[in-house]
Amino acid sequence: MESDSDSDGSHISATPPRDPFPPPPPKPPQPPPPRQVPPVSRKATSSSSSSSRSKPKAHTHPQPPDHSEAAPLPSSYPPPPSLFTDLPFRICEPSNRTQPARCSSSVSSFYRLPRASPASEDISKSECQSSSVSHVLPELPHVPVVRRKPPNLITDSITCQPVKAPVVFRSGGEGNFVKLNLNGKRGKKFPSKYKSASKSRSKFAYRGKRYKKSEANGEEEEGETWLDEESDLQRDNGFISSVEEAVLAVKAEACDENLTKLLSLVYGYESFRDGQLQAIKMVLSGSSTMLVLPTGAGKSLCYQIPAMILPGITLVVSPLVSLMIDQLKHLPSVIKGGLLSSSQRPEEATETLRKLKEGIIKVLFVSPERLLNVEFLSMFRMSLSVSLVVVDEAHCVSEWSHNFRPSYMRLKASMLYSALKADCILAMTATATTMTLQAVMSALEIPSTNLIQKSQLRENFELSVSLGGANRLKDLLILMESQPYKKIRSIIVYCKFQYETDMISKYLRDNNITAKGYHSGLPAKDRVRIQESFCSNKIRVVVATVAFGMGLDKGDVGAVIHFSVPGSLEEYVQEIGRAGRDGRLSYCHLFYDEDTYLKLRSLSHSDGVDEYAVGKFLTHVFSSDTKQHEKICSIVIESASHKFDMKEEVMQTILTHLELGEVQYLRMLPQVNVCCTLNFHKSSPNILAARNIIVAAILKKSHVKQGLYVFDIPTVASSTGVATTDVLAEIQTLKMKGEVTYETKDPAFCYTILESPKDTSSLSSHLTKWLAEVESCKVRKLDIMSSAAMAAINVSNTSETSSGAKQTLSLQSRILDYFNGDENCDVPSKTTQNCSFLLADIKVFLQSNRQAKFTPRAIARIMHGVGSPAFPNSIWSKTHFWGRYMSVDFRAIMEAAQTELMNFVDRNAALAS
Ligand SMILES: Nc1ncnc2c1ncn2[C@@H]1O[C@H](COP(=O)(O)OP(=O)(O)OP(=O)(O)O)[C@@H](O)[C@H]1O
């Protein structure tokens, strides 16, 4: 199930929920008086914020700092040119991803057909290596390659078209959904300027001249019309034969010359970027490869070109549906693509499967969950050959990454090789630490010699940080009205919480800046519209959560502003990676604010679990009768989540671990809504049952409630020896025939038990320890991010030279050190270990909530203002103690709570006796 969270799908991560901090959003401050000298500095100008910070945040809220007379900014922004000349490392060339959908909780088709009475019934009845590719280690330190293109400014728009890449004619802007689009009509859907960019991209490379010509004449948008369709067709045919020839040449000899010819023909690019050629050759030689290139470096091309050459299918596994859709859209027209995800409608999936079987699809984008699908796997076992499996955003495989996804755990080499019979694996990421890389390469069995790793940061960023206090909104506006931001045409402002996107965008609009808020809670249609408007430069600023950006390949984004501190350096690098993808200098400013840091730190604890709860959960998982062979067990997510006070993602992680750990205890099956209510309309149920064993089983296993048959899908599936999805497919068929209508509810994890653990307590202790390490890793990542931001602020305070350049250097070196092995360094935490009132407050809290059963963890969460399934925000945020001890270490609160809980029990026992 694809996540649609604003955490870009992070599962075990502290995912800011839609409104994790219920108090109403702060009111935007009044716009600053015109011509006010901007106080936002590259330095820590906000004195008030530092003073408020030094105090523990116990009972009072600090007064917002008054910025009305804040210190002036230097009149001009430090000049960029000197910024990148003395770097102790090398930075590469200038790219992207999107969002998802959750499985629907109910399928309703009721009441469209008349009901049949259940009583009248006699029975009737769902990714060359030039043979020896060597280990390419990170090239650090080395001489910087200084490429300096000026930034993208508003004034450029007079001479520049909006989204235009430098004469690159590559893919279909609107997509390559299976059918080749040879007639070039697809740009039609896109309006105005975006349409033109899309059109030009959708054309083949040789057409470049034609478009250049019409652009020069200022007729680009209409350029297509002066070519008649016949010549269009001839050109298309000619193009296809040229590509075929180039492909054959590469097949005969995968040399630089042949590959470059193919590149230029299909994409219109003159040369490969750093790492691309090497990766392509590796893959073509059949060597599984780990590719680490910076954001926007062109990783996609490293599987697209092999896909044209290799005989079988290229399967691309992506974490987010919208990312897949975007990648599909950007496939060059000569590569036929398709998509399979668990959020598709059945008929869409069937259509894609049909095309796959018919060999129409060459590159298939697939969600990891889809790999569970029996039909999907059997199809590969039987007939389809997979030449290459591409694991995009491969860091998701590792629990030590910033964006671990349990479903990615499934992507083990053994599974990919055996179940899919894949010849080769290509794992790609822009953000992986050494520890993450090791975990990914080990899971995917990629030898260390097959690592292609370039610097994980591009050279064209100017990075800066300032302290953000309570007047961050005002600071943001001042920043945006100062140089160079003032003149930048396209800007993304990242914030952490959904309500902030609306608040900030409104504030900017009120101050005459075209801005829109974007987060995963918006309807998909609105998200697409906003992205398109941004891409066509109708909107200058998008204020977004992490949900925006993945899949976004807008070359001219000139600045990325972080309204608050990101959760990790990985997240920061991914987000600034949306800027400067055209290679121009881009500006990235971060407002560091301690409040958000503390909130995020608290949220990092929202996935933590206790051994006791894990033990209870395991007992529940293995409670089914295992004697019945292949019995399908299910756990209804919502009720279990409440019962064990565990988030869905945590339960899923545990289950996946039980399937993929050292011992395979169970086998996971597709997640379905397990409770079905069926209404017969035409034939009587008994008549249907006589001809249909699934209907017969339904009648046997259901109870009738108000004339409707209510049954558990896994039970029916187990009794007939079919998959739950088959039961659903059968019911759907009956519905199409007008026989039934049905409704399903209760999404559940489904699995079959293969072996019950002999020692549940040692298993739960092992799992708890592992989950605790993952939790600490998350907290450490945030602390490292915070420490890097503070170091940059401090360097600008102490340094006499240009603070901008110093800050850039400071952040760059922190980032590169981090990605190259310094991830376990000790970072000071900003939380305190104790607070004199803590014990007393816990005591009062317990006394005033005698009716509830608390664990130390539950109390610590409430004191940190973090809801959980059993102690939701909606109820517990009303307590006086909610979020009051965010500045105190979570574990210290747990220990205090443990002590007080014991005292509490003792006192009650004494009173009772
Ligand atoms: N050899 C090349 N020459 C010029 N442009 C290229 C080349 N290869 C790729 N590009 C362009 O670079 C841009 C980024 O490519 P892509 O989206 O594949 O990046 P990426 O590495 O996947 O980035 P991210 O990790 O941020 O998603 C695209 O517009 C692509 O067409």
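Numbering of ligands and ligand atoms starts at 1, following listing order.
In this structure, the ring of Phe548 has its center less than 6.0 angstrom from the ring center of Phe534.
Classified by interplanar angle (parallel below 30°, tilted 30° to 60°, perpendicular above 60°), the ring pair His562/Tyr494 is parallel.
Looking at Arg273 next to ligand 1, an N or O pair under 3.5 Å apart turns up. In terms of polar-atom proximity, defined here as any N/O pair under 3.5 Å, Ala430 makes no such contact with ligand 1. Between Gln574 and ligand 1, not a single N/O pair is under 3.5 Å apart.
For the ligand labelled ligand 1, residue Ser271 lies inside the 4.0 Å heavy-atom shell. Under the 4.0 angstrom criterion for non-hydrogen atoms, Ala297 is in contact with ligand 1.
When each atom of ligand 1 is checked for a heavy atom of Gln276 under 4.0 Å away, the hits are 1 (N), 2 (C), 7 (C), 8 (N), 9 (C). Counting the atoms of ligand 1 from 1 in the order shown, those under 4.0 Å from a heavy atom of Arg578 are 26 (O). The ligand atoms of ligand 1 that sit less than 4.0 angstrom from a heavy atom of Leu301 are 8 (N), 9 (C). With ligand atoms numbered from 1 in the order given, ligand 1 contributes 18 (O), 19 (O), 20 (P), 21 (O), 22 (O), 23 (O), 24 (P), 25 (O) to contacts under 4.0 Å with heavy atoms of Lys299.
Smallest separation of non-hydrogen atoms from Leu590 and Ala789: CD2-CB, 3.9 Å. Listed here is the closest heavy atom pair of Tyr408 and Glu393: CE2-O, 3.8 Å.
Rounding to the nearest 0.5 Å places CG of Leu451 at 8.5 Å from CE of Met282.
Residue Tyr269 holds the heavy atom nearest to atom 3 (N) of ligand 1 of all those in Phe272, Tyr269, Tyr303, Tyr267.
In terms of the salt bridge (charged side-chain N to carboxylate O under 4.0 Å, His left out) criterion, Glu575 has no residue partners (sequence neighbours excluded). With sequence neighbours excluded, the residues forming a side chain to side chain contact (heavy atoms under 4.5 Å, CB included) with Ser242 are Leu265, listed by chain and number.
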